[in-house]
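Below, each value reflects all heavy atoms present in this structure, side chains not excepted, and no hydrogens, waters or symmetry copies.
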Amino acid sequence: MADNLFGDYIRQRRQAAWLTRTDLAKQANLSVSLIEKIELGTRQPTLHALQILFDTLDVAPMYRRHILDLSLPGLLGPPPPATPPKPGPDDLAALSAIETPASFYTLPTFTIIAANPAHQQLFPGLLPGVSFPEWLFLNPAARNVIVDWREEARRCLHSIRQLSPNAATEKRLSSILASCSQAPEWDDLWPDKDRRAFNPHLSVRSATTQQTHELRVHTYSPEYPHRTWWLCHLVPTPPPPAS
């Protein structure tokens with residue numbers, strides 16, 4: 001294969017998990033030979049093997065379709081019809097009708113392409129055209145809004161690794177990471193020290209009232225019709241039931 005994005009991706013995720021091929025083979029109940037061939041790009045994995053590898057390497061289910069469309073195009077069938085590169089009036093009206101913070105964004109850069117008023121109020125400066133990683137690392141407001149800033153920064157970088165079989169060759173993503181590296185915490189946060197599951201909970205602080213709110217992150221990939229962007233919807237976490 002001239003481009004072995006998927007094989008490189010599996011190798012990167014395996015190494016990030018501190019697993020040898022033998023370790024991964026044991027945990028996934030696959031042969032070492034098969035894993036070697038997949039990593040080298042000499043054999044395309046079956047859907048069954050894909051599922052096992054993604055599960056074993058803790059690749060978030062919400063990112064799997066994007067990874068496969070990028071690295072193994074056509075594996076899941078023909079691509080959907082082309083869609084407009086930007087949300088249309090109906091999409092924007094639906095977004096504005098959501099009362100809690102919500103936005104449309106693109107992968108793998110997490111670039112905002114539209115945000116409703118509640119989202120713009122909660123995240124000052126996170127406007128259309130701005131990527132969430134750049135806002136998180138470079139906008140001083142982020143450290144006030146995001147209560148556990150360091151944990152969210154680690155999660156953000158972990159998500160980027162999961163989404164990008166080869167971040168260095170993606171010009172837009174490479175440029176974003178280069179900008180983020182100016183942050184003083186970068187050298188400590190960038191190393192892929194552990195695997196962390198996607199945490200749907202986010203603690204935020206209102207920039208106007210300084211009150212803290214617990215939110216749950218919901219992400220959706222519109223399918224009917226297909227869209228090239230995702231929806232992120234933040235919903236207040238309900239209080240625990242009274243004992």
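- Looking at Gln120, its side chain does come within 3.5 Å of a backbone N or O of Ala115 through a donor-acceptor pair.
- For the pair Glu134/Cys180, a side-chain contact is recorded, criterion being any heavy-atom separation below 4.5 Å from C-beta on.
- Between Cys232 and Phe132, the closest side-chain pair of non-hydrogen atoms is not below 4.5 Å.
- Closest approach of Pro133 and Ile176 over heavy atoms only: CB-CG2, 4.1 Å.
- Considering CG of Asn139 and CG of Asn144, their distance stands at 10.5 Å, rounded to 0.5 Å.
- Cluster membership check: Leu215 shares its hydrophobic cluster with Trp149, using side-chain heavy-atom separations under 4.5 Å among Ile, Leu, Val, Met, Phe, Trp and Tyr.
- The local environment of CD in Gln121 is sparse, with at most 12 non-hydrogen atoms from other residues, nucleotides or ligands closer than 6.0 Å.
- Ser131 and Thr109 make their closest contact through CB-O, 3.4 Å (heavy atoms, listed as atom of the first residue, atom of the second, distance).
- By the 4.0 Å N-to-carboxylate-O rule, Glu185 lies too far from Arg150 to be salt-bridged with it.
- One finds a salt bridge joining Asp8 and Arg11 here, because a Lys/Arg side-chain nitrogen approaches an Asp/Glu carboxylate oxygen to under 4.0 Å.
- A salt bridge does not link Arg154 to Glu151: none of the charged side-chain nitrogens sits closer than 4.0 Å to a carboxylate oxygen.
- Rounded to the nearest 0.5 Å, atoms CG (Leu138) and CZ (Arg143) are 8.0 Å apart.
- Side-chain heavy atoms closer than 4.5 Å link hydrophobic residues (I, L, V, M, F, W, Y) into clusters, and following such links, possibly through other members, connects Phe104 to Tyr220.
- Using a distance-only test at 3.5 Å, with no hydrogens or angles considered, a donor-acceptor pair links the side chain of Arg14 to the main chain of Leu19.
- Across all non-hydrogen atoms, the minimal contact from Leu189 to Ala153 is CD1-CB, 3.7 Å.
- Atom-to-atom distance recorded for Gln44:CD and Lys37:NZ is 14.5 Å, nearest 0.5 angstrom.
- Linking Ile, Leu, Val, Met, Phe, Trp and Tyr whenever their side-chain heavy atoms come within less than 4.5 Å leaves Val235 and Val204 in two separate clusters.
- Using a 4.5 Å cut-off on side-chain heavy atoms (C-beta onward), Asp23 and Trp18 make no contact.
- Taking CG of Leu234 as the reference point, atom CZ of Arg216 lies at 12.0 Å (rounded to 0.5 Å).
- One finds the OG1 atom of Thr56 at 6.5 Å from the CD atom of Gln27 (value rounded to the nearest 0.5 Å).
- Within 6.0 Å of the NE2 atom in His48, the count of heavy atoms belonging to other residues, nucleotides or ligands does not exceed 12.
- Ring geometry, Phe123 versus His119: the interplanar angle falls from 30° to 60°, so the pair is classed tilted.
- Considering every non-hydrogen atom in both Asn116 and Ser96, the closest pair reads CB-CA, 4.2 Å.
- Remark: the backbone N or O of Ala178 is paired with a side-chain donor or acceptor of Ser181 at under 3.5 angstrom.
- Considering every non-hydrogen atom in both Leu95 and Ser103, the closest pair reads CD1-N, 3.8 Å.
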Show, in sequence, the C-alpha distance, side-chain angles and deciding distance for Phe137 and Leu157, and conclude whether the side-chain contact (heavy atoms from CB on, under 4.5 Å) test is met.
CA-CA 11 Å; Phe137 279 91; Leu157 295 179; 3.8 Å; yes
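- Considering every non-hydrogen atom in both Ala118 and Thr100, the closest pair reads CB-C, 3.8 Å.
- Ile52 and Phe54 fall within the same hydrophobic cluster, defined by Ile, Leu, Val, Met, Phe, Trp and Tyr side-chain heavy atoms under 4.5 Å apart, directly or through other members.
- Within a 6.0 Å sphere centred on CD of Glu99, other residues, nucleotides and ligands contribute 12 heavy atoms or fewer.
- When Asp91, Thr111, Ile112 are each tested for a side-chain contact (heavy atoms from CB on, under 4.5 Å) with Trp229, only one passes: Asp91.
- You'll find the side chain of Leu24 reaches within 4.5 Å of the side chain of Leu57, heavy atoms only.
- Separating the CG atom in Leu136 from the CD1 atom in Ile146 is a distance of 6.5 Å, to the nearest 0.5 Å.
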Side chain to side chain donor-acceptor pair (under 3.5 Å) between Ser31 and Ser33, worked out
CA-CA 5 Å; Ser31 70; Ser33 174; 4.9 Å; no
May I have the step-by-step check of side-chain contact (heavy atoms from CB on, under 4.5 Å) for Tyr9 and Ile38, ending in yes or no?
CA-CA 10 Å; Tyr9 178 79; Ile38 291 174; over 6 Å; no
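- Clustering ILVMFWY residues whenever any of their side-chain heavy atoms sit less than 4.5 angstrom apart, transitively, puts Tyr105 in the very cluster that holds Leu126.
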Before you tell me yes or no, could you show the steps for Ile113 and Thr106 under side-chain contact (heavy atoms from CB on, under 4.5 Å), namely the whole-Å CA-CA distance, both residues' side-chain angles and the distance that decides it to 0.1 Å?
CA-CA 7 Å; Ile113 57 174; Thr106 57; 4.0 Å; yes
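- Residues Leu47 and Gln51 fail the side-chain proximity criterion, which asks for heavy atoms closer than 4.5 Å.
- With hydrogens and angles ignored, the 3.5 Å screen pairs no side-chain donor or acceptor of Ser175 with any backbone N or O of Lys171.
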